[in-house]
Participant: 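Got a structure here, written out as structure tokens. Questions coming.
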Amino acid sequence: YLVALTGIMIMRAAFLCSILLFLSVVACHAVSSSLVIEECSREIDLTSQFATHRLTLVVRNDGTSDAASMDMLIERRFVDHVASLTAQQVVNSDEAVDLSVEAAGDGVYRVAFNRPLASAQSIELDIEFVLLHVQTPLPAEITQQESQRFVYEGNHYVYSKYPILTQTTEVRFASSAIEDYTILEPTSLKKELLSYGPYENIAPLTHSPMRLHYESNTPFLGATFVQKDIDVSHWGNVAVEVTYDHLINNGPKFTGPFSRWVFMVAANRIPSVIPTIAEYLPDGAHDIYYRDIIGNISTSALDRVPVENLDGSTSKRTRMIMKPRFPLMGGWKTQFNMGYNLPLYTCVGKAQSGEFVLTLPFLVENPELAVDSALVRVVLPERATNIQVHAPFAVDHISYSTHVTYLDIVGRPVVEIRASKLTPEESMQLLQISYSFNPISMLAEPLMVIGGLLAFFYAVIIVRRLDLSIAPASALKND
């Protein structure tokens, strides 16, 4: 009887817990379900391998209580291809504030408002997300001098859990050579710009298949894995090495014979080839090298070119142009590593708190490169403590370990940062690592070397002065 009674009580408790959990979930989503999107303007940028979606939304709260956030939905086919998603709340025509975005799973991204949205009030949001590997080559294989064509499949409507009162969409292509596109009136095409809408009173989760077939001869340069090693020495140098494994042309696969003569004569007129890789280097970079498994690759060059900064100003930057041993046709891969040294003062500063701060680009500064997976490995000086990583975006994993090298006593701390699906904007953002370090501890290694040398010399002196003979010295002289 007691066993049966206990079982019944456990079942009742579990039932009550499930009811409470359901009510809490309903309460959490009750506010957001009352939102309405009054206006939605969408731009899909297909001018490169990154399918960039930019949304301008006017969101109104039709509920009776304040709303603290809204959910952005990504269609299931795109869930594994999202590289980044950012949101801003427009304050006025000249000002916007960044909003917190949290991945809730299963293609749901929760955007927290700057302040709760009161009932019957509206706000304007700018949301941008980037998709990787969603443009499919068609045809999948081309010859040496054929143009690249791709297919993008999406939705005529913005996929949303909220009703949309009015929506327009503009699709921008790399060229005016549009092979085919689906029509959902009103639809218009003007050169590289395809316009859909306006559409009105769109129900939540509405889907209308959109298929676009177009020509795009921009480089589809990708890397399956990139590792960046940073070695910080407070003796005045920071060594950086970047390993590409593999670098690949993600365009249509090359088929047929390859003509070196055609490539040499008409290299600039072969749309599917990637002959060089350009990368910007930090100021002060020297001792630059570029090599692969065979050895040094001499087909590289450095120049100074003007680059527009984030604030709109222009400054000159050092650009390294790397030419592989063979041109990258569609589907071709290559492996190599490049590196350089930096003066310590150019990338390590001291904060007001007394801690040192290492500041460098997260990965590489290549405006055309898509990275599937990346590892940033930072080796700090021995006895560095209180290590804090300030990543410019959400990363997959951060781990800490110790690396023991020559003349080390306790080993040097190592920070490993792993990230995936990186766009050029993310790769170029600044990574900061702060740490505490006493410069006096740098004397440990030279003192250890000096102590070792003194010990060796003293040992030699003592051994030289030892008398290891069996008979006394006087007896040897008499003999």
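Everything quoted here is computed from the prediction, not taken from an experiment.
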Participant: Taking all non-hydrogen atoms of both residues, which atom of Gln148 and which atom of Gly251 are closest, and how far apart?
Facilitator: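 For Gln148 versus Gly251, the nearest heavy atoms are OE1-CA, 3.7 Å.
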
Participant: Are there over 12 heavy-atom neighbours, none belonging to Ile293, within less than 6.0 Å of that residue's CD1?
Facilitator: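 Incorrect, the count does not exceed 12.
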
Participant: May I ask you to decide if Phe393's main-chain N or O and Glu426's side chain share a donor-acceptor pair within less than 3.5 Å?
Facilitator: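 Checking the backbone N and O of Phe393 against the side chain of Glu426, no donor-acceptor pair under 3.5 Å is found.
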
Participant: Show, in sequence, the C-alpha distance, side-chain angles and deciding distance for Ser373 and Thr224, and conclude whether the side chain to side chain contact (heavy atoms under 4.5 Å, CB included) test is met.
Facilitator: CA-CA 6 Å; Ser373 178; Thr224 55; over 6 Å; no

Participant: Between Phe220 and Phe150, does a ring-ring contact (aromatic ring centres under 6.0 Å, His included) hold up when you go through it step by step?
Facilitator: CA-CA 11 Å; Phe220 275 60; Phe150 296 88; 4.2 Å; yes

Participant: Measuring only between side-chain heavy atoms, which start at C-beta, is Val82 closer than 4.5 Å to Leu131?
Facilitator: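 In contact.
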
Participant: What's the verdict on ring-ring contact (aromatic ring centres under 6.0 Å, His included) for Phe78 and Tyr159, showing C-alpha distance, side-chain angles and the deciding distance?
Facilitator: CA-CA 11 Å; Phe78 295 145; Tyr159 194 66; 9.8 Å; no

Participant: Give a yes or no on whether the backbone of Leu132 and the side-chain of His81 come within a donor-acceptor separation of less than 3.5 Å.
Facilitator: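 Yes; at least one donor-acceptor contact below 3.5 Å.
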
Participant: So Leu138 and Thr136, do their side chains get closer than 4.5 Å, heavy atoms only?
Facilitator: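 A side-chain contact is absent here, since even the closest heavy-atom pair is not under 4.5 Å.
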
Participant: According to the interplanar angle, ranging from 0 to 90°, do the rings of Tyr214 and Phe173 count as parallel (below 30°), tilted (30 to 60°) or perpendicular (above 60°)?
Facilitator: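 Ring orientation of Tyr214 relative to Phe173: tilted.
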
Participant: Between the side chain of Ser100 and the main-chain N/O of Ala112, is any donor-acceptor distance below 3.5 Å?
Facilitator: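 No: the side chain of Ser100 does not pair with the backbone of Ala112.
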
Participant: Determine the minimum heavy-atom distance between Arg325 and Asn296, stating which atoms define it.
Facilitator: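 Result for this residue pair: NH2-O, 3.4 Å.
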
Participant: What's the spacing between Asp372 CG and Asn250 CG if we round to 0.5 Å?
Facilitator: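 Between atom CG of Asp372 and atom CG of Asn250 there are 7.0 Å.
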
Participant: Is it true that Lys253 and Glu141 have a side-chain N and a carboxylate O under 4.0 angstrom from each other?
Facilitator: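 No, no charged N to carboxylate O under 4.0 Å.
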
Participant: If every non-hydrogen atom of Val371 is compared with every non-hydrogen atom of Ser427, which pair is closest and at what distance?
Facilitator: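 Answer, listing the atom of Val371 first, then Ser427: CG2-OG, 4.4 Å.
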
Participant: Taking Gln335 for its side chain and Asp292 for its backbone only, find out whether a donor-acceptor pair lies under 3.5 Å.
Facilitator: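 No, the answer is negative, given that no donor and acceptor are paired below the 3.5 Å cut-off.
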
Participant: So Asp80 and His133, side-chain hydrogen bond (donor to acceptor under 3.5 Å, both in side chains) or not? Walk me through it.
Facilitator: CA-CA 10 Å; Asp80 296 331; His133 307 310; over 6 Å; no

Participant: In Å and rounded to the nearest 0.5 Å, what is the CG to CE distance from Leu281 to Met320?
Facilitator: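 So the gap between those two atoms works out to 7.0 Å.
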
Participant: Strictly distance-based, threshold 3.5 Å: is any side-chain N or O of Asn92 a donor or acceptor partner for the main-chain N or O of Glu95?
Facilitator: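 Yes, the answer is positive, given that a donor and an acceptor are paired below the 3.5 Å cut-off.
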
Participant: Can you measure from CD (Gln429) to CD (Glu365) and round to the nearest 0.5 angstrom?
Facilitator: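 The CD atom of Gln429 sits 11.5 Å away from the CD atom of Glu365.
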
Participant: With a 3.5 Å distance limit and no angle check, can you tell me whether Asn249 reaches the backbone of Leu328 through a side-chain donor-acceptor pair?
Facilitator: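 Flag set: sc Asn249 to bb Leu328 pair under 3.5 Å.
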
Participant: Report the C-alpha separation of Met210 and Ile44 in whole Å, then their side-chain angles, then the decisive distance to 0.1 Å, and conclude whether the side chain to side chain contact (heavy atoms under 4.5 Å, CB included) test is met.
Facilitator: CA-CA 12 Å; Met210 177 179 66; Ile44 303 177; 4.0 Å; yes

Participant: Is there a donor-acceptor pair under 3.5 Å between the side chain of Arg412 and the backbone N or O of Val232?
Facilitator: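 Side chain of Arg412 to backbone of Val232, a donor-acceptor pair under 3.5 Å: yes, one is there.
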
Participant: Return the CD to CZ distance between Gln121 and Arg60, rounded to the nearest 0.5 Å.
Facilitator: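 With rounding to 0.5 Å, CD (Gln121) is 11.0 Å from CZ (Arg60).
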
Participant: Can you confirm whether more than 12 heavy atoms, excluding those of Arg304, are under 6.0 Å from its CZ atom?
Facilitator: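 Buried by this count: over 12 neighbours within 6.0 Å.
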
Participant: So Arg418 and Val395, side chain to side chain contact (heavy atoms under 4.5 Å, CB included) or not? Walk me through it.
Facilitator: CA-CA 6 Å; Arg418 295 185 179 273; Val395 298; over 6 Å; no

Participant: Hey, are Gln432 and Ser434 close enough side-chain-wise for a donor-acceptor pair under 3.5 Å?
Facilitator: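 Judged by distance alone, the side chains do not pair up.
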
Participant: Kindly give the heavy-atom pair with the smallest separation between Ser122 and Val58, and that separation in Å.
Facilitator: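 Heavy-atom minimum between the residues: CB-CG1, 4.3 Å.
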
Participant: Are any non-hydrogen side-chain atoms of Thr56 and Val90 less than 4.5 angstrom apart?
Facilitator: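 Contact flag for Thr56/Val90 side chains = no.
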
Participant: Compute the centroid of each ring, for Phe258 and then for Phe326, and state whether the two points are separated by less than 6.0 Å.
Facilitator: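 Not close enough - the centres of the two rings lie 6.0 Å or further apart.
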
Participant: To the nearest 0.5 angstrom, please state how far the CD1 atom of Ile321 sits from the OG1 atom of Thr276.
Facilitator: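 Here the interatomic distance stands at 6.0 Å.
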
Participant: Does one side chain, of Thr243 or Asp245, offer a donor that lies under 3.5 Å from an acceptor on the other?
Facilitator: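 Not at all, the side chains of Thr243 and Asp245 share no donor-acceptor pair under 3.5 Å.
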
Participant: Answer yes or no: are there more than 12 heavy-atom neighbours, outside Leu454 itself, under 6.0 Å from its atom CG?
Facilitator: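 Yes, because the 6.0 Å sphere around CG of Leu454 holds more than 12 heavy atoms from other groups.
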
Participant: I'd like to check Val364 versus Tyr244 (side-chain heavy atoms, cut-off strictly below 4.5 Å). Are they in contact?
Facilitator: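 Yes; the side chains approach each other to less than 4.5 Å.
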
Participant: Do Asn366 and Leu221 come close enough that some side-chain heavy atom pair is under 4.5 Å?
Facilitator: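 Side-chain contact under 4.5 Å: yes.
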
Participant: Within the distance-only criterion (no hydrogens, no angle test), does the side chain of His286 pair as donor or acceptor with the backbone N or O of Gly284 below 3.5 angstrom?
Facilitator: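 A pair under 3.5 Å: yes.
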
Participant: Hey, are Arg149 and Ser216 close enough side-chain-wise for a donor-acceptor pair under 3.5 Å?
Facilitator: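 Looking only at side-chain atoms, Arg149 and Ser216 do not form any donor-acceptor pair under 3.5 Å.
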
Participant: So, the side chain of Lys228 versus the backbone of Pro361: is there a donor-acceptor pair under 3.5 Å, distance only?
Facilitator: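 Side chain of Lys228 to backbone of Pro361: a pair is present.
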
Participant: Tell me yes or no: between the side chains of Asn61 and Ser34, is some donor less than 3.5 Å from an acceptor?
Facilitator: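 Distance-only check passes for Asn61 and Ser34.
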
Participant: Quick one: OG on Ser41 to CG on Leu55, what's the gap to the nearest 0.5 Å?
Facilitator: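 Rounded to the nearest 0.5 Å, the OG-CG separation comes to 8.5 Å.
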
Participant: Within a strict 4.5 Å, meaning less than it, do heavy atoms of the Ile387 and Tyr400 side chains meet?
Facilitator: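 Ile387 vs Tyr400: side chains touch.
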
Participant: Hey, does the side chain of Gln135 reach the backbone of Ser48 with a donor-acceptor pair shorter than 3.5 angstrom?
Facilitator: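 Confirmed, Gln135 side chain pairs with Ser48 backbone.
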
Participant: Less than 4.5 Å apart, side chain to side chain, heavy atoms only: is that true for Leu117 and Leu35?
Facilitator: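 In contact.
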
Participant: Would you say that more than 12 heavy atoms from the other residues, nucleotides or ligands in this model lie under 6.0 Å from the CZ of Arg115, or not?
Facilitator: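 Check fails, neighbour count at 12 or below.
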
Participant: I need the minimum non-hydrogen distance between Pro163 and Pro204, along with the two atoms involved.
Facilitator: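 Looking at all heavy atoms of both residues, the shortest contact is N-CG, 3.7 Å.
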
Participant: Of the non-hydrogen atoms in His390 and Leu431, which two are nearest, and what is the gap between them?
Facilitator: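 Taking His390 first and Leu431 second, the nearest heavy atoms are O-CD1, 3.9 Å.
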
Participant: Report yes if some heavy atom in the side chain of Leu57 is under 4.5 Å from a heavy atom in the side chain of Glu124; otherwise report no.
Facilitator: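 When only atoms from C-beta onward are counted, Glu124 and Leu57 do not touch, as no gap falls below 4.5 Å.
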
